[in-house]
Protein chains: 2
Amino acid sequence: MRDIARAMEMEAASLYNHIDSKQSILNALLMDIANRFTVGMQQIQSSSLTALEQLEALIDQHVDMTVGYTDAISLVPSEWIHLEEPHLKEFVTLRKNYEDAFKAVILAAIEEGSIAEVDVDVALFSTLSTLRWLYSWYTKQGIKVELLKKELKRTLLQGLISSL
Amino acid sequence: MRDIARAMEMEAASLYNHIDSKQSILNALLMDIANRFTVGMQQIQSSSLTALEQLEALIDQHVDMTVGYTDAISLVPSEWIHLEEPHLKEFVTLRKNYEDAFKAVILAAIEEGSIAEVDVDVALFSTLSTLRWLYSWYTKQGIKVELLKKELKRTLLQGLISSL
DNA sequence: ACAAAAAACTAACAGTTGTTAGTTTTGGTC
DNA sequence: GACCAAAACTAACAACTGTTAGTTTTTTGT
């Protein structure tokens with residue numbers, strides 16, 4: 001809290017005119033991110049895109065979120081564990097729902113024949129690992145957003161796309 | 001330190017009959033992992049395997065390390081940042097060398113024509129993201145090691161393997 | 001059985017943590 | 001210019017952190 005205060009050029013105690021607690025900051029940041037991903041997933045689900053196009057849209061969404069909310073998104077891989085109840089349960093539920101929906105899109109893509117019959121759980125884990133860690137990597141690179149989206153879709157999907 | 005002591009059924013102060021400091025524990029764990037990966041990379045590099053086979057051997061090595069040293073390996077993605085100098089520099093150097101060697105294998109695989117002409121940096125980042133986060137995922141699954149290796153190689157490489 | 005070494009213990013330290021209470025300053029409205 | 005709320009301040013709290021000093025207990029080798 002004293003680090004945050006110094007960055008805002010005030011005393012630590014003054015922060016409490018604006019926030020309830022340190023916990024509430026973590027919660028606000030994580031919930032904002034979780035809600036944005038949830039809304040984005042709903043929009044993609046209710047679209048008329050093919051499953052493969054939905055997969056591409058999901059990758060694009062992760063890139064946009066990473067570029068637009070880099071700092072908050074850096075909390076997602078590890079820091080969510082420090083949430084306290086009931087916020088922890090709430091966050092884990094949102095994340096589980098998102099993963100289930102993501103998995104359903106991969107399954108639909110297999111069924112429509114646009115990607116190979118891979119192990120869905122391994123594919124989901126592998127894809128999300130890359131997308132969740134993007135924030136730590138893309139800042140070091142001088143890569144343009146559109147190129148990043150293109151190369152990421154190529155790397156993540158080309159492997160999945162059936163070579164039949 | 002008091003948590004560690006409780007797990008070892010002793011007082012926190014008693015730990016210092018066995019270790020120098022909390023820092024030294026982090027350093028010992030991370031250096032052991034870093035050295036094992038470095039040695040493994042050297043063995044693979046000096047083998048007579050093709051570049052593609054070397055890539056497969058690297059994936060197998062990550063799986064073996066993840067299963068064999070799950071706890072210590074969980075420190076690698078995020079906790080290394082808390083190392084103090086000179087250990088921090090030492091660790092970062094070992095990691096950079098490993099990444100460079102990994103990248104060289106991907107490049108060699110492209111040159112020998114066994115994988116597609118992908119963006120090497122994106123492919124390296126994507127592959128290492130998955131392999132580094134494996135520890136957090138595989139314990140939740142009841143998956144057998146050999147199956148995990150097979151499916152992981154399929155997911156990570158099939159995407160790379162040229163469909164010509 | 002005894003001396004020496006190893007490893008446990010109690011007690012306490014100095015520094016850091018998130019936070020509260022009470023007070024003073026700032027900035028906008030009548 | 002007075003008034004009031006918002007937001008800064010100072011001072012301090014209780015809990016927790018890694019670690020040390022000094023002491024007692026346990027283990028080991030002769």
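Given the structure is predicted, the values throughout are model-derived calculations rather than measurements. Reminder, nothing fancy here: chain letters follow the sequence lines and each chain counts from 1.
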Nearest-Å distance for atom pair CZ/P, residues A:Arg2 and D:dC13
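Atom CZ in A:Arg2 sits about 14 Å away from atom P in D:dC13.
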Could you tell me whether [X] and [Y] make a salt bridge, using a distance below 4.0 angstrom between a side-chain N and a carboxylate O?
| X | Y | answer |
| --- | --- | --- |
| A:Lys153 | A:Glu146 | no |
| A:Lys103 | A:Glu99 | no |
| A:Asp119 | B:Lys150 | no |

ring-ring contact (aromatic ring centres under 6.0 Å, His included) involving A:Phe37 - partner list, sequence neighbours excluded
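If we apply the ring-ring contact (aromatic ring centres under 6.0 Å, His included) test to A:Phe37, skipping adjacent residues, the hits are A:His62, A:Tyr98.
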According to ring-ring contact (aromatic ring centres under 6.0 Å, His included), who are the partners of A:Trp137, at least two apart in sequence or on a separate chain?
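A:Trp137: ring-ring contact (aromatic ring centres under 6.0 Å, His included) contacts with B:Phe125.
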Please lay out, stage by stage, how A:Arg6 and A:Asp3 fare under the test salt bridge (Lys or Arg N to Asp or Glu O under 4.0 Å).
CA-CA 5 Å; A:Arg6 192 178 319 117; A:Asp3 287 347; 3.5 Å; yes
Could you check if a side-chain atom of B:Leu94 sits within less than 4.5 angstrom of a side-chain atom of B:Asn35, using non-hydrogen atoms only?
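Yes - at least one pair of side-chain heavy atoms lies under 4.5 Å apart.
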Compute whether any side-chain donor of one residue and acceptor of the other, for B:Ser21 and B:Gln23, lie under 3.5 angstrom apart.
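Side chains of B:Ser21 and B:Gln23: no pair found under 3.5 Å.
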Tell me which residues in residues 80-90 of chain B put a heavy atom below 4.0 Å from DNA chain D, sorted by number, or none.
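Output list: empty, so none.
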Contact boundaries on DNA chain C for chain B, cut-off under 4.0 Å to non-hydrogen atoms:
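First-to-last contact on DNA chain C, by the 4.0 Å heavy-atom rule, is C:dA7 to C:dA12.
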Please list residues of residues 3-13 of chain B whose heavy atoms come under 4.0 Å from any atom in DNA chain C, ordered by number; otherwise none.
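Residues of residues 3-13 of chain B under 4.0 Å from DNA chain C: B:Met10, B:Glu11, B:Ala13.
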I need the residues from residues 17-29 of chain A with at least one non-hydrogen atom less than 4.0 Å from DNA chain C; give them sorted by number, or say none.
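The answer is A:Ser21, A:Lys22.
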Report yes or no: is the cationic atom of A:Arg95 (NZ for Lys, CZ for Arg) closer than 6.0 Å to the six-membered ring centre of A:Trp80, at no more than 45° off its axis?
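The answer is yes, since A:Arg95 meets both limits relative to A:Trp80.
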If you measure from CG on A:Leu124 to CD1 on A:Ile106, what distance do you get to the nearest 0.5 Å?
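These two atoms lie 5.0 Å from each other.
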